[in-house]
Participant: 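Here it is, the structure in full.
Naming: A, B, ... by sequence-line order, numbering from 1 per chain.
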There are 2 protein chains.
Amino acid sequence: MVTTSTATALIGDPYVADCPTRRILDRIGDRWTVLIIGVLGGGDARFSQLLRRIEGISQKMLTQTLRGLERDGLITRTVYPEVPVRVVYSLTTAGRTLLGPLQALQEWSIEHLGDVVASQSAYDKND
Amino acid sequence: MVTTSTATALIGDPYVADCPTRRILDRIGDRWTVLIIGVLGGGDARFSQLLRRIEGISQKMLTQTLRGLERDGLITRTVYPEVPVRVVYSLTTAGRTLLGPLQALQEWSIEHLGDVVASQSAYDKND
DNA sequence: CGGGATCCTTAGGGATACTG
DNA sequence: CAGTATCCCTAAGGATCCCG
């Protein structure tokens with residue numbers, strides 16, 4: 001905020017640049033990330049299970065997103081050296097704390113999707 | 001859910017396909033969308049103000065995102081036909097209801113960014 | 001089974017110039 | 001001031017093949 005800003009304590013201020021929210025959003029803003037966390041919130045899952053449950057995700061994106069989440073400490077990756085190998089992904093304690101905020105978002109979505117869609121229709125007809 | 005799924009009531013199940021959450025996420029998952037809503041949560045703003053406050057956004061993306069939000073009924077666009085013209089964006093009532101969930105996410109970010117960064121460092125050094 | 005490596009496409013988004 | 005219209009380019013992501 002070098003620019004001449006009003007004295008108003010904007011909620012927007014912390015959003016600029018590389019504030020925490022922004023860095024986290026770059027991660028969880030990713031559609032796949034949220035979906036994966038959502039699924040794992042319902043219980044541990046194997047790679048192939050995630051691949052099947054999350055409709056539309058490619059194997060590449062699944063791998064990539066899982067790596068990112070593991071790197072962030074939000075999920076763990078456990079390899080069972082059987083034949084064939086079995087790999088199980090689980091939420092960490094930190095990862096589980098994300099479920100709350102995400103559920104809030106989910107509830108908002110369910111509650112407002114109708115209005116949003118209606119608004120879109122109206123917008124598209126006019127203007 | 002045509003696929004043979006287990007009876008488990010997974011939180012993940014509603015995430016697949018084009019469930020409400022997914023459609024909303026495609027919108028608010030967008031980094032700029034969240035930032036704009038955040039700024040407008042602090043008060044109405046003009047186009048140029050948003051452009052300055054949201055560091056890194058291009059004019060094209062700002063316009064585009066604002067149009068989408070207006071179409072979704074989350075913000076309003078008011079034109080004051082002065083010279084030069086003045087355009088003010090505000091959150092609608094619906095848009096304001098999004099602030100809660102987003103703030104929850106913001107708080108999570110602030111609370112956990114340290115851990116996430118630490119986890120990333122550890123992950124990068126080893127493995 | 002759970003990926004890694006490669007190739008290849010396309011669309012998201014920046015930069016620039018112009019307008020009411 | 002608040003956009004719209006074009007061009008252009010890069011990097012995200014899909015498809016495919018292969019391996020431990």
Side-chain angles (χ1 to χ4, degrees), chain A residues 3-6 16-18 22-23 25-36 39-40 44-72 75-90 123-124 127, chain B residues 3 16-18 22-23 25-36 39-40 43-71 75-90 123-124 126-127:
Chain A
T3 59
T4 56
S5 61
T6 65
V16 299
D18 58 355
R22 189 130 168 194
R23 299 187 52 169
L25 274 174
D26 282 345
R27 166 136 313 288
I28 71 102
D30 173 52
R31 53 186 304 178
W32 302 126
T33 295
V34 181
L35 297 178
I36 290 174
V39 171
L40 291 182
D44 301 353
R46 304 177 54 171
F47 186 85
S48 49
Q49 290 178 322
L50 291 169
L51 202 55
R52 263 176 280 115
R53 271 181 198 159
I54 301 172
E55 194 169 321
I57 194 172
S58 68
Q59 163 252 55
K60 177 182 179 178
M61 286 315 295
L62 179 56
T63 303
Q64 191 172 305
T65 309
L66 287 170
R67 291 291 171 276
L69 284 170
E70 194 193 354
R71 179 168 178 266
D72 292 342
I75 67 172
T76 58
R77 176 177 181 271
T78 312
V79 183
Y80 295 92
E82 309 164 348
V83 205
V85 73
R86 184 164 55 99
V87 179
V88 174
Y89 292 92
S90 332
Y123 185 94
D124 294 344
D127 290 316
Chain B
T3 59
V16 300
D18 58 355
R22 189 130 168 194
R23 299 188 52 170
L25 274 173
D26 282 346
R27 167 137 310 290
I28 72 102
D30 173 52
R31 52 186 304 180
W32 302 126
T33 294
V34 182
L35 297 177
I36 291 174
V39 171
L40 292 181
D44 301 355
R46 304 178 54 171
F47 185 85
S48 50
Q49 290 177 321
L50 291 168
L51 202 55
R52 264 177 280 114
R53 272 183 198 157
I54 301 172
E55 193 169 321
I57 195 172
S58 68
Q59 164 253 52
K60 176 182 178 178
M61 286 314 296
L62 179 55
T63 302
Q64 191 171 304
T65 310
L66 287 170
R67 290 290 171 278
L69 284 170
E70 193 192 356
R71 179 169 178 266
I75 67 172
T76 57
R77 176 177 182 271
T78 312
V79 183
Y80 296 92
E82 309 165 347
V83 205
V85 71
R86 182 165 56 99
V87 178
V88 174
Y89 292 92
S90 331
Y123 185 93
D124 293 344
N126 316 345
D127 291 316

Participant: Let me know the distance between CD of A:E82 and C1' of C:dG2, rounded to the nearest Å.
Facilitator: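 Going from A:E82 (CD) to C:dG2 (C1'), I get 13 Å.
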
Participant: Using whole Å, report how far CG of A:L62 lies from C1' of C:dG2.
Facilitator: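 Value for this atom pair: 10 Å.
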
Participant: Specify the separation, in whole Å, of atom CG of A:D44 and atom P of C:dG2.
Facilitator: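 The distance from CG of A:D44 to P of C:dG2 comes to 14 Å, rounded to the nearest Å.
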
Participant: Scan A:Q59 against the nucleic acid and name what it touches under 4.0 Å (heavy atoms): base, sugar-phosphate only, or nothing.
Facilitator: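 Counting heavy atoms under 4.0 Å across all strands, the contact made by A:Q59 includes a base.
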
Participant: Looking at A:Q64 and C:dG3, is any side-chain donor or acceptor paired with a base atom of the opposite kind under 3.5 Å?
Facilitator: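 Answer no: no donor N or O sits under 3.5 Å from an acceptor.
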
Participant: So do B:Y89 and B:L69 actually touch side chain to side chain, heavy atoms under 4.5 Å?
Facilitator: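 No - every pair of side-chain heavy atoms lies 4.5 Å or more apart.
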
Participant: For the side-chain contact (heavy atoms from CB on, under 4.5 Å) test, which of B:V88, B:T78, B:I75 pairs with B:D44?
Facilitator: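 So the option named by the test is B:V88.
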
Participant: For the side chain of A:K60, counting heavy atoms from C-beta on, which of C:dG4, C:dT6, C:dG14 is nearest?
Facilitator: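 Given the options C:dG4, C:dT6, C:dG14, the side chain of A:K60 is closest to C:dT6.
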
Participant: Is there side-chain contact between A:R67 and B:Y123, with heavy atoms separated by less than 4.5 Å?
Facilitator: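 Yes, at least one pair of side-chain atoms sits under 4.5 Å.
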
Participant: Phosphate oxygens OP1/OP2 of C:dG2: is one of them under 4.0 Å from a side-chain N or O of A:R46?
Facilitator: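 Yes.
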
Participant: Considering only side-chain heavy atoms of B:V87, which listed nucleotide, C:dG14, C:dG4, D:dG3, is closest?
Facilitator: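 For the B:V87 side chain, the nearest candidate turns out to be D:dG3.
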
Participant: Round to a whole Å and report the spacing from CZ of B:R67 to P of C:dG12.
Facilitator: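 To the nearest whole Å, that distance equals 18 Å.
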
Participant: Which pair of non-hydrogen atoms, one from B:R77 and one from B:V87, has the smallest distance, and what is that distance?
Facilitator: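 So the two residues come closest at CG-CG1, 3.8 Å.
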
Participant: Quickly work out the A:Y80 OH to C:dG3 P distance and round it to whole Å.
Facilitator: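 In whole Å, C:dG3 P and A:Y80 OH are 13 Å from each other.
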
Participant: For A:Y89, which contact category applies under a 4.0 Å heavy-atom criterion: base, sugar-phosphate, or nothing?
Facilitator: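 Touches sugar-phosphate only.
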
Participant: Can you tell me the distance, in whole Å, between the CG atom of A:D30 and the P atom of D:dA11?
Facilitator: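 In whole Å, D:dA11 P lies 18 Å from A:D30 CG.
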
Participant: Just to confirm, is there a sub-4.0 Å distance from OP1 or OP2 of D:dA2 to any side-chain nitrogen or oxygen of B:S48?
Facilitator: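 It does, given that an N or O in the side chain of B:S48 lies less than 4.0 Å from OP1 or OP2 of D:dA2.
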
Participant: Within the structure, does a side-chain N or O atom of B:R77 lie under 4.0 Å from either OP1 or OP2 of D:dA2?
Facilitator: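 No, because none of the side-chain N or O atoms of B:R77 sits under 4.0 Å from OP1 or OP2 of D:dA2.
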
Participant: Which whole-number value in Å describes the distance from B:R31 CZ to C:dG13 C1'?
Facilitator: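 Distance, rounded to whole Å: 11 Å.
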
Participant: Considering non-hydrogen atoms only, spot the tightest contact between A:I54 and A:L35 and give its length.
Facilitator: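 Where A:I54 meets A:L35 most closely, the heavy atoms are CG2-CD1, 3.9 Å.
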
Participant: Roughly how many Å is it from CD1 in B:I54 to C1' in C:dG14, rounded to a whole number?
Facilitator: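 Distance, rounded to whole Å: 17 Å.
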
